[in-house]
Number of protein chains: 2
Amino acid sequence: MLTISQLAAYTGVTVRAVRHYHRIGLLAEPARDRSGYRIYGADAVVRLIRIRTLADAGVPLARVQGLLDAGEEEFRDGVREIDKELRAEARRLRNTRTRLARLAAGDHLALPQDVVAYLDRLRGLGVDERYIEMERDAWIMIAGQVPDRIDAVIAEKHRELDDPAMVEFYLLVSEALDWSPDDPRIARIADILEELMMRALESGALQDDGLDQAFVDLMDSTMLESSPVAERLLAILEERGWRGWTRVERAPSAKSGGARSGNG
Amino acid sequence: MLTISQLAAYTGVTVRAVRHYHRIGLLAEPARDRSGYRIYGADAVVRLIRIRTLADAGVPLARVQGLLDAGEEEFRDGVREIDKELRAEARRLRNTRTRLARLAAGDHLALPQDVVAYLDRLRGLGVDERYIEMERDAWIMIAGQVPDRIDAVIAEKHRELDDPAMVEFYLLVSEALDWSPDDPRIARIADILEELMMRALESGALQDDGLDQAFVDLMDSTMLESSPVAERLLAILEERGWRGWTRVERAPSAKSGGARSGNG
DNA sequence: ATGGAGGGTTGACCCAGGGTCAAGGTCAAG
DNA sequence: CTTGACCTTGACCCTGGGTCAACCCTCCAT
């Protein structure tokens with residue numbers, strides 16, 4: 001006959017686990033000796049091995065109880081179902097590994113390789129690292145919002161960067177981080193942006209970015225709060241009849257309505 | 001700016017989870033509006049997406065914190081390690097699936113196919129179902145104790161069953177379950193057993209069964225308590241100078257010492 | 001101004017599957 | 001007789017939140 005620790009050793013579980021199984025009624029309480037110690041026989045060993053076999057397969061203890069006390073067919077059905085769950089778990093695991101690999105390759109976290117390449121291109125152009133971080137965070141949000149469309153969006157951004165005016169715009173915005181909000185060069189940025197937007201309007205690009213308005217508002221307010229210069233720039237644009245930043249639109253009062261471009 | 005439920009909706013987590021992250025310090029508490037509501041910016045969204053990306057990979061939240069606050073290399077190392085763990089998890093999962101398959105094919109639980117075949121063979125010989133259940137439980141224990149050697153042991157058992165004397169022995173033992181402990185036929189069982197053991201001794205089989213003594217004792221005490229007949233049989237054998245059941249030995253006082261056979 | 005719906009806030013308890021500690025009884029050996 | 005190893009029960013702790021309760025805040029319609 002066995003003490004609890006011997007039983008535990010035989011079956012490869014902890015003493016605590018055995019007592020836990022007693023408490024939840026999974027393993028019957030055995031007889032006690034005159035000093036109150038539990039004394040186990042082979043039946044307990046067998047039951048415990050069965051319990052562990054199922055529990056190691058990830059079956060919750062409550063279900064283990066049901067299975068062990070069930071008949072042959074019910075048991076077989078249960079095992080089939082458990083195996084199906086294990087297969088699903090294996091699929092999930094493969095999936096996770098893929099995501100994790102992409103994550104390790106990305107710009108610190110959770111970005112597709114294309115986006116990382118785009119950020120590197122900005123970096124290569126001499127854009128300020130602080131601005132690149134803002135861009136990166138924005139892309140993380142976009143990736144979270146519309147993961148399926150991000151490839152198309154980033155491809156469009158790459159094309160935009162082929163335009164020298166766009167490059168100049170990025171460099172100016174990046175430099176502007178340290179300007180005073182009164183700096184007259186801010187107007188120059190607004191000039192370039194207006195020209196870029198007019199051109200985008202003509203070409204008909206960016207008709208639908210797939211982002212919802214609340215999301216766009218959030219990005220805009222983040223931009224607005226990033227620096228006094230940004231605030232000033234947006235104010236100038238608003239005076240000229242534009243509205244927004246992430247998704248720029250002609251303000252309703254202006255002549256040509258609904259024109260949209262973007263600075264995601 | 002976002003309320004907590006908007007933040008949760010953006011990042012695909014529950015409101016409760018967000019608050020949980022605040023409590024464990026994984027996500028910084030944001031500013032509150034004048035009525036005490038939490039107000040979030042894009043920074044929280046980004047942080048939360050990063051958290052979920054790692055957490056979905058099975059990283060414990062405590063470790064997520066460490067990773068997110070770490071530098072590039074440390075982060076990359078961490079991800080590598082996590083991937084290693086995921087691979088190990090996948091291995092474990094395959095292993096479990098194998099065990100589960102064997103379990104479903106086995107005699108209700110956790111027995112290799114060979115053992116099931118052996119039990120079926122006993123059944124075919126007309127051995128009492130109660131005895132077969134005892135055998136099955138014993139095999140479950142053996143499978144738990146020496147899983148790597150069970151194939152060899154069961155093969156030996158199959159060979160033993162080719163001996164008509166062994167078959168007779170099994171049938172008698174099976175019948176004996178209902179006898180009175182005074183039944184004279186019990187001596188007949190002892191006779192057969194003695195002969196079998198002498199033969200096993202000569203052939204030199206079963207020199208080392210790989211079971212430890214405590215385990216053998218447990219099996220013996222189970223046998224002893226199974227019925228008064230078993231008790232009587234063991235007493236007779238003891239009178240004749242044998243000891244044990246699972247691993248039968250010549251008692252020290254007897255002429256030829258150390259002979260061992262078995263009735264696993 | 002008032003009532004109700006639908007947000008938000010905190011706090012407390014609950015789950016698996018035990019780990020860990022505490023306070024005390026028991027047992028075998030020296 | 002003491003010591004150390006074992007046993008007993010009970011209580012609190014962990015992760016990653018779910019669920020419920022009680023109450024506050026805001027907004028909208030009346």
Side-chain angles (χ1 to χ4, degrees), chain A residues 1-41 44 47-68 82 85 89 92 96 214, chain B residues 1-41 44 47-68 82 85 89 92 96 214:
Chain A
M1 307 303 280
L2 306 172
T3 67
I4 196 169
S5 58
Q6 290 171 322
L7 172 69
Y10 271 133
T11 54
V13 303
T14 64
V15 170
R16 185 63 173 80
V18 175
R19 288 205 273 251
H20 185 60
Y21 299 158
H22 286 319
R23 230 164 50 82
I24 65 178
L26 186 52
L27 185 64
E29 280 278 2
R32 308 288 184 120
D33 66 12
R34 72 190 186 299
S35 63
Y37 289 14
R38 293 178 180 86
I39 42 175
Y40 298 91
R47 175 89 178 178
L48 206 37
I49 288 175
R50 290 173 165 184
I51 291 171
R52 284 319 307 171
T53 303
L54 284 170
D56 288 347
V59 183
L61 295 187
R63 197 164 163 204
V64 167
Q65 185 144 24
L67 281 174
L68 288 185
I82 291 162
E85 284 164 25
E89 173 70 8
R92 205 189 59 75
T96 298
Chain B
M1 307 303 281
L2 306 171
T3 68
I4 195 168
S5 58
Q6 291 171 321
L7 172 69
Y10 271 134
T11 54
V13 304
T14 64
V15 170
R16 185 64 174 84
V18 175
R19 289 206 272 251
H20 184 61
Y21 298 158
H22 285 320
R23 229 164 51 80
I24 65 177
L26 186 51
L27 185 64
E29 280 278 3
R32 309 287 184 121
D33 66 11
R34 73 191 185 298
S35 64
Y37 288 15
R38 293 178 180 85
I39 42 174
Y40 298 90
R47 175 88 177 178
L48 206 37
I49 288 175
R50 291 174 162 183
I51 290 171
R52 286 316 310 170
T53 303
L54 283 169
D56 288 347
V59 182
L61 295 187
R63 200 162 161 204
V64 168
Q65 184 147 25
L67 281 174
L68 288 185
I82 290 162
E85 283 164 27
E89 172 71 8
R92 205 190 59 76
T96 299

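None of the values given here were measured: they were computed from a predicted structure.
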Checking A:Arg19 now: which residues fulfil side chain to side chain contact (heavy atoms under 4.5 Å, CB included) with it, not counting sequence neighbours?
A:Ile4, A:Val15, A:Arg38
Interatomic distance, A:Leu26 CG vs C:dC15 C1' [rounded to whole Å]:
16 Å
If I take atom OG1 from residue A:Thr53 and atom CG from residue A:Leu67, how far apart are they, to the nearest 0.5 angstrom?
12.0 Å
Mind checking salt bridge (charged side-chain N to carboxylate O under 4.0 Å, His left out) for A:Arg16 and listing every partner two or more places apart, or none if nothing turns up?
none
For a quick check of understanding: with a heavy-atom distance under 4.0 Å over all strands, which category does B:Ile4 fall into, base, sugar-phosphate or nothing?
sugar-phosphate
For nucleotides 16-30 of chain C, give me one character per nucleotide, 5' to 3': B if any protein heavy atom sits under 4.0 Å from the base, S if the only such contacts are to the sugar-phosphate, - if neither.
-BBBB----BBS---
Can you tell me the pairing partner of D:dT19 across any strand shown, Watson-Crick or G-U wobble, with both distances under 3.5 angstrom?
C:dA12
So what does A:Arg19 hit on the nucleic acid, given a heavy-atom distance under 4.0 Å: a base, only sugar-phosphate, or nothing?
base
Tell me: CZ of A:Arg32 to P of D:dC7, nearest whole Å?
12 Å
Here the distance between atom C1' of D:dC7 and atom CG of A:Leu2, to the nearest Å, is 15 Å
Just N and O in the side chain of B:Ser5: are any of them under 4.0 Å from OP1 or OP2 of C:dG8?
yes
Residue list, salt bridge (charged side-chain N to carboxylate O under 4.0 Å, His left out) with B:Arg32, at least two apart or on another chain
B:Glu29
Who passes ring-ring contact (aromatic ring centres under 6.0 Å, His included) against A:His22, sequence neighbours left out?
A:Tyr40
Whole angstrom value for the distance that separates C1' of D:dG16 from CG of B:Leu54:
16 Å
What distance separates A:Ile51 CD1 from A:Arg47 CZ, expressed to the nearest 0.5 Å?
5.0 Å
Gap between atoms CD1 and C1', on B:Ile24 and D:dT15 respectively (whole Å):
9 Å
Got a sec, which residues hit side chain to side chain contact (heavy atoms under 4.5 Å, CB included) with B:Thr11, two or more places apart in sequence or on another chain?
B:Leu7, B:Val13, B:Val45, B:Leu48, B:Ile49
Base, sugar-phosphate alone, or nothing: which one does A:Arg63 contact when heavy atoms must sit under 4.0 Å apart?
nothing
Rounded to whole angstroms, how far apart are CD1 on B:Ile51 and P on D:dG17?
11 Å
May I ask you to evaluate whether A:Arg38 reaches the phosphate of D:dT8, defined as a side-chain N or O under 4.0 Å from OP1 or OP2?
yes
